[in-house]
Amino acid sequence: MKILVLGTAEQKEELLTFPADAAIEITWIAAPDHSSSYGTIDACIDLLFENNNERIAWLKQLNASLIVINSVVTSLHILKENFIRINGWNTFLKRPIIEAAVTNEELKEKATALFSLLGRQTEWVADVPGFITARVVACIINEAYMTLEEKVSVEEEVDTAMKMGTNYPYGPFEWSRKIGLVNVFHLLETLSKEQILYKPCNLLQQNALA
């Protein structure tokens, strides 16, 4: 199986946390190259996906039977495209489970097989912004910023407390830096349009947009 993957060096390392099956041949690129021909590919995984017409047109012209996009905030219902959507935020690709959504049920079997070759199980979830874990982690980060905003504690103490007390892999502030605080902000902002409890606190918004 030939796979084209767009991603950073860090994303490559995370995606290959588990050994890939020998049946996979992966070509890695750092950005779309409109002048290159990649030949016949079976799947494309775009970990740097941007929701714009040019990017979508480029992905579709690859003629891959599977197109997987890292799109945590924007759902397939909004995109109106026949893609597989995954939670590919930094740190989440290290897990043995890929959190994925699809609107075309016929693609599930192929996508599950692809992720299996990458050493992952697939958890199919609803096609909603944030999937499950990203929205939960975003809320934890928001609460941490509220704690800082209200001068209850400081970043280092909150990170230590959450790692030692709950066995989280990262403290919320550390996690926000790895994910990218602006990504957390955009997810919370999108979710808050439906439920006010997701509204990003002032300090988080200020830091994200600084």
Evaluation steps, salt bridge (charged side-chain N to carboxylate O under 4.0 Å, His left out), between Lys108 and Glu105 = CA-CA 6 Å; Lys108 273 189 175 182; Glu105 294 291 318; 3.3 Å; yes
Evaluation steps, side chain to side chain contact (heavy atoms under 4.5 Å, CB included), between Thr133 and Arg135 | CA-CA 5 Å; Thr133 52; Arg135 67 167 55 199; over 6 Å; no
Evaluate the criterion side chain to side chain contact (heavy atoms under 4.5 Å, CB included) for residue pair Val125 and Ile132; output intermediate values, then yes/no.
-> CA-CA 8 Å; Val125 300; Ile132 297 172; 3.6 Å; yes
Would you check, one step at a time, whether the test side chain to side chain contact (heavy atoms under 4.5 Å, CB included) holds for Ile26 with Leu118?
-> CA-CA 11 Å; Ile26 304 179; Leu118 291 167; 4.2 Å; yes
List the steps, then state whether side chain to side chain contact (heavy atoms under 4.5 Å, CB included) holds for Val184 with Trp175.
-> CA-CA 10 Å; Val184 175; Trp175 219 339; over 6 Å; no
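Annotation for Lys2: atom NZ counts as buried by contact number, over 12 foreign heavy atoms lying within 6.0 Å. In this structure, Lys110 places its NZ atom where only 12 or fewer heavy-atom neighbours from other residues, nucleotides or ligands lie under 6.0 Å away. The local environment of CD in Gln61 is crowded, with over 12 non-hydrogen atoms from other residues, nucleotides or ligands closer than 6.0 Å. Counting heavy-atom neighbours within 6.0 Å of Gln121 CD, excluding the residue itself, gives a total of 12 or less.
Relative ring orientation between Trp124 and Phe115 is described as tilted, the plane-to-plane angle lying within the 30° to 60° band.
With Leu66 as the partner, the side-chain contact (heavy atoms from CB on, under 4.5 Å) test is satisfied by one option alone out of Asn82, Leu107, Asp42: Leu107.
With a 6.0 Å cutoff to the six-membered ring centre and a 45° limit on the axis angle, Arg95 does not count as a cation-pi contact of Phe18.
Across every non-hydrogen atom of Leu47 and Gly7, the tightest pair is CB-CA, 4.4 Å. The two residues Asp127 and Ala101 come nearest to each other via the heavy atoms CA-CB, 3.8 Å.
Tracing side-chain contacts under 4.5 Å through hydrophobic residues (I, L, V, M, F, W, Y), one never reaches Ile86 starting from Val73; they form parts of separate clusters.
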